[in-house]
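Please read the structure below before turning to the comments.
Letters go in sequence order (proteins before strands), and every chain restarts at 1.
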2 protein chains.
Amino acid sequence: MNAAETQKTADFLKALGEFNRLSLVYELCRCESSQNAMCLCDCCSVDASVVSRHLKVLADRDIVMFDKVGREKTYRLNRNKVATQLRELADLIENEDCKRGHHDV
Amino acid sequence: MNAAETQKTADFLKALGEFNRLSLVYELCRCESSQNAMCLCDCCSVDASVVSRHLKVLADRDIVMFDKVGREKTYRLNRNKVATQLRELADLIENEDCKRGHHDV
DNA sequence: GCTATAATTGCACGATTGTGCAAATATGCA
DNA sequence: TGCATATTTGCACAATCGTGCAATTATAGC
């Protein structure tokens, strides 16, 4: 695991590891269809500008995607990508093969 | 998903979402046996006190466990617990059942 | 007991981060 | 064109966080 990969993974986890951002992810998780940012404001009691910034952090890391419809942006959770990244990390942590000694033989 | 659970999950992800802490986790991941903190210092070039604090953060969240042997503490990764938590989150995010509408019917 | 080593804690500091408010920008609609 | 609404951006500020150094605590071995 090189430093760049480690940093990227840490970045991904840090993006999810903030209360309001995780609340947004959960909120989007419950939605069948895309939700605009104003609607998402309701789930965490902070200013719209804060939600905007949090959504940008999530979008920059491909955790959420958005479509621009007129003056609104509608967001949806990147379910597969997020789930895959979490599972890959889980596999790495649990997998016996990553242990030293096996490789060194 | 209530606020307390969300906060707990965010806390767990935040603990993993820092470069040096994640490096420690990866380092422990590669180890068959427990490693003492001094040995772990080598994997991230920071002061021993910093490693000590990071390990405490990880231990407080059950990400790592330790045994006290004499004046040394030997750490090991809580593989199952960490992997399980990551997979549960992945499942929640991907699972169709969490979507609104399915439950409301 | 004394000394050496492992680990933690107190303290200070700089950097990052989350936040609210106000202003700016973008777009739809009359 | 002018107004209303959605979103972003600039700014300031408080809080959190990661860090190094020095001092402290704990324990092994002589």
Side-chain angles (χ1 to χ4, degrees), chain A residues 3-4 6-28 31 33-61 63-77, chain B residues 3-4 6-28 31 33-61 63-77:
Chain A
T6 302
Q7 184 63 67
K8 197 149 177 283
T9 303
D11 233 49
F12 167 74
L13 294 168
K14 185 180 287 186
L16 290 175
E18 198 276 332
F19 181 80
N20 283 324
R21 278 197 298 267
L22 190 58
S23 300
L24 286 168
V25 168
Y26 284 153
E27 182 65 24
L28 284 170
C31 299
S33 55
S34 300
Q35 296 290 314
N36 67 32
M38 287 304 97
C39 164
L40 291 167
C41 280
D42 300 338
C43 86
C44 47
S45 50
V46 289
D47 195 75
S49 66
V50 174
V51 172
S52 172
R53 273 185 266 251
H54 281 323
L55 287 170
K56 178 164 170 47
V57 169
L58 296 173
D60 285 348
R61 284 148 187 84
I63 293 169
V64 302
M65 304 180 72
F66 61 87
D67 293 302
K68 198 148 194 288
V69 182
R71 65 189 159 190
E72 293 182 6
K73 267 182 171 176
T74 64
Y75 290 85
R76 63 187 188 281
L77 189 54
Chain B
T6 302
Q7 183 64 68
K8 196 148 177 282
T9 303
D11 234 49
F12 166 73
L13 294 169
K14 186 181 287 186
L16 291 175
E18 198 274 333
F19 182 80
N20 283 324
R21 277 197 298 269
L22 189 57
S23 300
L24 287 168
V25 168
Y26 283 152
E27 182 65 23
L28 285 171
C31 300
S33 54
S34 298
Q35 297 290 314
N36 67 30
M38 287 303 101
C39 162
L40 291 168
C41 279
D42 300 337
C43 88
C44 46
S45 50
V46 290
D47 195 76
S49 67
V50 173
V51 172
S52 172
R53 274 185 267 250
H54 280 321
L55 287 170
K56 178 163 170 48
V57 169
L58 295 173
D60 284 348
R61 285 149 187 82
I63 294 169
V64 302
M65 304 182 72
F66 61 87
D67 293 304
K68 200 147 192 292
V69 182
R71 64 188 159 188
E72 294 182 7
K73 267 181 170 177
T74 63
Y75 290 86
R76 63 186 187 282
L77 188 54

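Atom CG in B:L16 sits about 15 Å away from atom P in D:dC17, given to the nearest Å. Following rounding to the nearest Å, B:D60 (CG) and C:dT9 (P) show an atom-to-atom distance of 10 Å. Between the P atom of C:dA7 and the CG atom of B:L58 lies a distance of 15 Å, rounded to the nearest Å. Nucleotide C:dA6 holds its P atom 15 Å from the CG atom of B:L55, rounded to whole Å. Taking atom CZ of A:F66 as the reference point, atom P of C:dA26 lies 15 Å away to the nearest angstrom. Put simply, CZ on A:R71 is 16 Å from C1' on C:dA24, counting in whole angstrom units. For the pair B:D67 CG and D:dT27 P, the computed distance is 15 Å after rounding to whole Å. Rounding to whole angstrom units, CG of residue B:L40 and P of C:dA6 are separated by 13 Å.
Taking 4.0 angstrom as the limit, A:S52 places a side-chain polar atom (N or O) nearer than this to OP1 or OP2 of D:dT8. For the pair A:N20 and C:dT19, the criterion of a side-chain N or O lying under 4.0 Å from OP1 or OP2 is met. Contact check, A:K73 against D:dT8: a side-chain N or O comes under 4.0 Å of OP1 or OP2. Distances shorter than 4.0 Å separate none of the side-chain N or O atoms of B:K56 from OP1 or OP2 on C:dA7.
In this structure, the nucleotide among D:dA22, D:dA26, D:dT8 sitting nearest to the side chain of A:S49 is D:dT8. Closest approach to the B:V50 side chain among C:dT9, C:dT19, D:dT19 is made by D:dT19 (side chain taken as heavy atoms from C-beta onward). Picking from D:dT8, D:dT19, C:dT19 the nucleotide with the shortest atom distance to the side chain of B:H54 gives D:dT19. When the nucleotides D:dG20, D:dG10, C:dG18 are ranked by their closest atom to the side chain of A:R53, D:dG10 comes out on top. Closest approach to the A:V46 side chain among D:dT5, C:dA7, C:dT19 is made by C:dT19 (side chain taken as heavy atoms from C-beta onward). Nearest nucleotide to the side chain of A:D47, out of D:dT27, C:dG28, C:dC21: C:dC21. Here the side chain of A:E72 is nearest to one of D:dT27, C:dG20, D:dT7, namely D:dT7. The nucleotide whose nearest atom lies closest to any side-chain atom of A:E18 is, among C:dG18, D:dG10, C:dT5, C:dG18. Side-chain proximity of B:K68 to the nucleotides C:dG28, C:dA7, D:dA26 is greatest for D:dA26.
No donor-acceptor pair closer than 3.5 Å links the side chain of B:R21 to the backbone N or O of B:G17. The main-chain N or O of B:A48 is never found under 3.5 Å from a side-chain atom of B:S52 such that the two would form a donor-acceptor pair.
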side-chain contact (heavy atoms from CB on, under 4.5 Å) between B:V50 and B:H54, worked out:
CA-CA 6 Å; B:V50 173; B:H54 280 321; 3.6 Å; yes
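Residue B:F19 qualifies as enclosed at atom CZ: its count of foreign heavy atoms under 6.0 Å is above 12.
With the nearest nucleotide of DNA chain C identified for both A:V69 and B:C39, B:C39 has the one nearer the 5' end. Each of B:R21 and A:A48 was matched to the nucleotide of DNA chain D holding its nearest heavy atom; the match closer to the 5' end belongs to A:A48.
No contact: A:F19 has no heavy atom under 4.0 Å from any strand.
Shortest non-hydrogen contact noted between A:L28 and A:Y75 is CD2-O, 3.5 Å.
With contacts defined as side-chain heavy-atom distances shorter than 4.5 Å, the pair A:T9/B:Y26 qualifies.
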